[in-house]
Amino acid sequence: MTQSYLGSNSITQAYDAWTQDGVLEHFWGEHIHHGYYPDHRWWQQDFKRAKIELLDQLTRWTKLKTIHDALDVGCGIGGSARYLAERWPNAEVTGVTLSPAQMNRATELTPSHMKVSFKVADALELPFPDSTFDLVWSCESGEHMPDKEVFLREMVRVLRPGGHLVIATWCHRSEPPALSAAEQHRLQRIYHAWALPFFVSIPQYETMANAHPELIEIRTSDWTTHVRGTWPHQIWMGLGDLPWLLRQGWAVVRRSLRDVVAIWHMIRGYQQGSIRYGVIHARKRDTKCPG
Ligand SMILES: C[S@@+](CC[C@H](N)C(=O)[O-])C[C@H]1O[C@@H](n2cnc3c(N)ncnc32)[C@H](O)[C@@H]1O
């Protein structure tokens, strides 16, 4: 599944710039992903704590028990990689990102006692042999992939038999009616603002996973109602920290204004049901130990 696309260079440039100006890290901390709001009341939650809650929910939902070698595909500045290393201190965790600035910042933020390392690499051409990792994890990088099938194929390739594949990603609605022109336009505005080629639906991910006979126990879930509070919460946080934002200079303020427009489209897209948040879990069949 490919469509017209901005190109991986623009993703690299975007994340390099977002890392260097520090705004994303200022507000989101080390986790560049949605928060999880169990009771939907975002105004009663801590913005950064909600992001950890998403990872807690994800590891619970996927019933991850023990891991030894994990790959974090699209690792940002390493929030998930360090989270996994804290939960499983014996595990070796490798993170890949397209952005050299993210790789450097991820390395800087990682205590030396952790067995965590980062690489600049393309998820569509992972520089690892087949069957290397017993956990392949992608938290909110799938929406950046210009070819979702290759993205999945690469992750399945490097996954070890018996291992877990975990994906959390931005999607669009699948149920009828088909997305209207206005909904498509809204999505285009979001794609353009944040270097996203296109979304697919949660059932499309499931179909793609089902095309891999080596994947078993494939499950998907729609977590939209639990995560959509992230965006009004972000606006609230931004307003509370407006003086800090204004001190960052005109270029940052201009970009933040553009982000506010994209955030508005996220809020409306979630409200109208055109944007969905999907989680996918599967295991790779172990021929020595079926199921
Ligand atoms: C929204 S951030 C998520 C970061 C991180 N997973 C987290 O939750 O904090 C998206 C990440 O995907 C990475 N990414 C996008 N396309 C990629 C690709 N083709 N190969 C590797 N990383 C990619 C970006 O560089 C960025 O690190």
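Counting starts at 1 for both ligands and their atoms, in listed order.
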With a 4.0 Å cut-off on heavy atoms, is A121 in contact with ligand 1? yes
Any N/O pair H31/ligand 1 closer than 3.5 Å: no
Classify the ring geometry of W194 against W231: parallel below 30°, tilted from 30° to 60°, perpendicular beyond 60°. parallel
How would you list, by chain and number, every residue that makes a side-chain contact (heavy atoms from CB on, under 4.5 Å) with S201, sequence neighbours excluded? H172, S174, P203, Q204
Looking at E140, which atoms of ligand 1 are within less than 4.0 Å of one of its heavy atoms? 1 (C), 2 (S), 3 (C), 10 (C)
Using a strict 4.0 Å cut-off to heavy atoms of H33, name the atoms of ligand 1 that fall inside it. 7 (C), 8 (O), 9 (O)
Check whether any N or O atom of I32, backbone or side chain, sits under 3.5 Å from an N or O atom of ligand 1, and answer yes or no. yes
Judged on heavy-atom distance to atom 19 (N) of ligand 1, which of D147, L124, D122 sits nearest? D122
Quick check on G79 - does any of its heavy atoms sit under 4.0 Å from an atom of ligand 1? no
Might you confirm whether atom NE2 of H40 has over 12 heavy atoms from other residues, nucleotides or ligands at distances under 6.0 Å? yes
The atoms of ligand 1 lying under 4.0 Å from a heavy atom of Q102, numbered in the order shown, are 24 (C), 25 (O), 26 (C), 27 (O)
Below 4.5 Å, heavy atoms only, C-beta onward: do V116 and T94 meet side chain to side chain? no
Parallel, tilted or perpendicular: which describes the rings of W61 and H281, with under 30° parallel and over 60° perpendicular? perpendicular
Residue pair Y37, R41: steps toward the side-chain hydrogen bond (donor to acceptor under 3.5 Å, both in side chains) verdict: CA-CA 7 Å; Y37 301 86; R41 296 192 186 142; over 6 Å; no
All pairs passing ring-ring contact (aromatic ring centres under 6.0 Å, His included) where residues 247-268 contributes a residue, at least two apart: none
Side chain, backbone, both or neither: which part of I11 has a heavy atom under 4.0 Å from ligand 1? side chain
In ligand 1, the atoms that come under 4.0 Å of a heavy atom of A123 are 18 (C), 19 (N), 20 (N), 21 (C)
Where the closest heavy atom to atom 5 (C) of ligand 1 is concerned, which of S80, G74, S99 has it? G74
Kindly assign one of parallel, tilted or perpendicular to the pair W170 and H34, based on the angle between their ring planes and the thresholds 30° and 60°. perpendicular
